[in-house]
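Below is one structure; the comments refer to it alone.
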Amino acid sequence: MNMKSWLQSAAALHKPMPILSFPGIQLINATVRELAASATKQAACMKAVADRWDTLASVSLMDLSVEAEAFGSPVRFSDDEVPTVTAPIVTDADSAERLAVPQVGAGRTGECVSTIREAKRFITDRPVLAGAIGPFSLSGRLMDMTEIMALCYEEPELVHQTLEKATQFLIAYNLALHQAGADGILMAEPAAGLLSPGLIAEFSTPYVKRIIGAVESEACIVIYHNCGNTIPLVQSILDTGASAFHFGNAIDLAQMLPLIPGDKVVFGNVDPAGQFRGGTPESMRQATLDVLGKCAKNDNFILSSGCDIPPLAPLANIDAFFDTAREFYQG
């Protein structure tokens, strides 16, 4: 499939593409812990989601601990929450020097590659996108987010050293995901949303651009996701060269859309925690209509969640999101 051509016509299909994967545990009667450890369960989860909801594309797990774990980071698992990194492994110049770039397959990265291979066998009616972390967000997990923010000022060379190793691995990992069948990468770079315009231009954008340059082709697009306060950062985000951009509900998407060239697709941004997880079908309907009312007039807009939908989001709320979108576009 020529994914760049697909992307240009995708908005006209009027199908939502929320970051919807983990709630599938409720459809296959599995826990998050079981899902994280098994490519077979992850692929079954993706298939169950695709069978129930008419998504524009199928998205694999947005588990932002996977790549850090491959480097050696400790990870906490639970039955109903997304896995999280619990401690930094790069704390000084010596540990940054010793940090080894892992092979694809280390930790759970092999399971994630296998997930895409299996999912492509089951899901044949829409593109399959692989979730992966961005370079600054990965480095923040390797170094601790509070620490990396300070080190950007105090020891920038240490941050760059870690970013270089993160980027080398992410290029290889994203290429492996594509070779397994992924039609695109949904790159999550939320930590970059904490940076100033000057810092994102130094510590995120050049590395994201390198990954996209190595991975993107007509057969594989990269969608850049950042759920921070992205409006002040828009120029650096555009400079990444991504084919499309996914923004979180920290911003008013109606203010962002005029800043994005019309040939770049914009996804967003119904509140995943407040509405998908914490809302009701009625509040979800209103929140979805609010976003559609402000954004649907833009030809490059595709309705989505603001970020990854929590595992225990009520299925009735997700149903209400899709039902509302369908009714809106059918008029």
Side-chain angles (χ1 to χ4, degrees), residues 18-53 55 57-89 99-123 128-134 137-138 140-142 166 169-170 172-182 184-188 190 225 272 276-277 307-313 315 318:
I19 304 179
L20 173 57
S21 54
F22 278 107
I25 62 170
Q26 300 173 62
L27 301 174
I28 65 169
N29 194 29
T31 65
V32 173
R33 191 191 307 269
E34 291 167 342
L35 204 63
S38 168
T40 299
K41 281 190 166 59
Q42 288 178 39
C45 183
M46 292 172 67
K47 176 69 162 62
V49 168
D51 286 346
R52 176 157 178 150
W53 293 294
T55 56
S58 174
V59 181
S60 74
L61 302 186
M62 188 181 275
D63 179 348
L64 304 188
S65 70
V66 167
E67 296 90 343
E69 185 185 40
F71 275 89
S73 297
V75 173
R76 180 176 64 243
F77 298 90
S78 68
D79 287 343
D80 54 11
E81 293 184 0
V82 176
T84 55
V85 173
T86 57
I89 59 172
L99 186 69
V101 178
Q103 294 293 310
V104 175
R108 288 175 290 133
T109 59
E111 292 294 322
C112 294
V113 172
S114 295
T115 294
I116 297 300
R117 191 174 293 112
E118 289 194 39
K120 283 290 288 187
R121 289 172 39 221
F122 301 140
I123 302 168
V128 170
L129 306 179
I133 200 169
S137 300
L138 173 53
R141 280 157 179 78
L142 297 174
F169 175 71
L170 290 174
Y173 181 46
N174 286 342
L175 286 172
L177 290 165
H178 173 51
Q179 288 159 6
I185 306 294
L186 180 59
M187 180 194 290
H225 165 76
F276 280 95
R277 176 69 178 93
C307 195
D308 190 28
I309 298 173
L312 298 184
L315 301 183
I318 303 172

Please name all residues satisfying ring-ring contact (aromatic ring centres under 6.0 Å, His included) with Phe276, sequence neighbours left out, ordered by chain then number.
-> Phe321

Any side-chain heavy atom of [X] within less than 4.5 Å of one from [Y]?
| X | Y | result |
| --- | --- | --- |
| Arg277 | Ile309 | no |
| Val32 | Pro83 | yes |
| Ile89 | Pro74 | yes |

Taking only residues two or more places apart in sequence, or in another chain, which ones meet Ser78 in a side chain to side chain donor-acceptor pair (under 3.5 Å)?
-> none

Quick one: [atom1] on [X] to [atom2] on [Y], what's the gap to the nearest 0.5 Å?
| X | Y | atom1 | atom2 | value |
| --- | --- | --- | --- | --- |
| Met46 | Ile123 | CE | CD1 | 4.5 Å |
| His225 | Cys307 | NE2 | SG | 3.5 Å |
| Ile318 | Arg52 | CD1 | CZ | 8.0 Å |
| Leu129 | Ser60 | CG | OG | 8.0 Å |

Pair listing, salt bridge (charged side-chain N to carboxylate O under 4.0 Å, His left out) test, anchored in residues 29-45, at least two apart = Arg33-Asp79

What's the shortest heavy-atom distance between [X] and [Y], and which atoms?
| X | Y | value |
| --- | --- | --- |
| Phe71 | Ala100 | CD2-O, 3.4 Å |
| Ala43 | Glu118 | CB-CB, 3.6 Å |
| Asp308 | Met62 | OD2-O, 3.5 Å |
| Leu177 | Ala132 | CD1-CB, 4.4 Å |
| Ala36 | Gln42 | O-NE2, 3.5 Å |
| Cys45 | Leu35 | CB-CD1, 3.7 Å |

Does the Glu67 side chain pair with the main chain of Ile133, one donor and one acceptor, at a distance under 3.5 Å?
-> yes

Under 3.5 Å donor-acceptor, Arg121 side chain and Arg117 backbone | no

Tell me which donor-acceptor pairs under 3.5 Å the side chains of residues 101-113 have, and how far apart each pair is, sequence neighbours excluded?
residue, atom, partner, partner atom, Å
Arg108, NE, Glu69, OE1, 2.6
Arg108, NH1, Asp63, OD2, 2.8
Arg108, NH2, Ser65, OG, 2.8
Arg108, NH2, Glu69, OE1, 3.2
Thr109, OG1, Gly105, N, 2.8
Thr109, OG1, Ala106, N, 3.2
Thr109, OG1, Ala106, O, 2.7
Glu111, OE1, Ala39, N, 2.7

Got a sec, which residues hit side-chain contact (heavy atoms from CB on, under 4.5 Å) with Leu175, two or more places apart in sequence or on another chain?
-> Ile171, Gln179, Val215

In a table with atom names and distances, give each donor-acceptor pair under 3.5 Å that connects a side chain of residues 19-30 to protein atoms at least two apart or in another chain.
residue, atom, partner, partner atom, Å
Gln26, NE2, Pro311, O, 2.9
Gln26, NE2, Ala313, O, 2.9

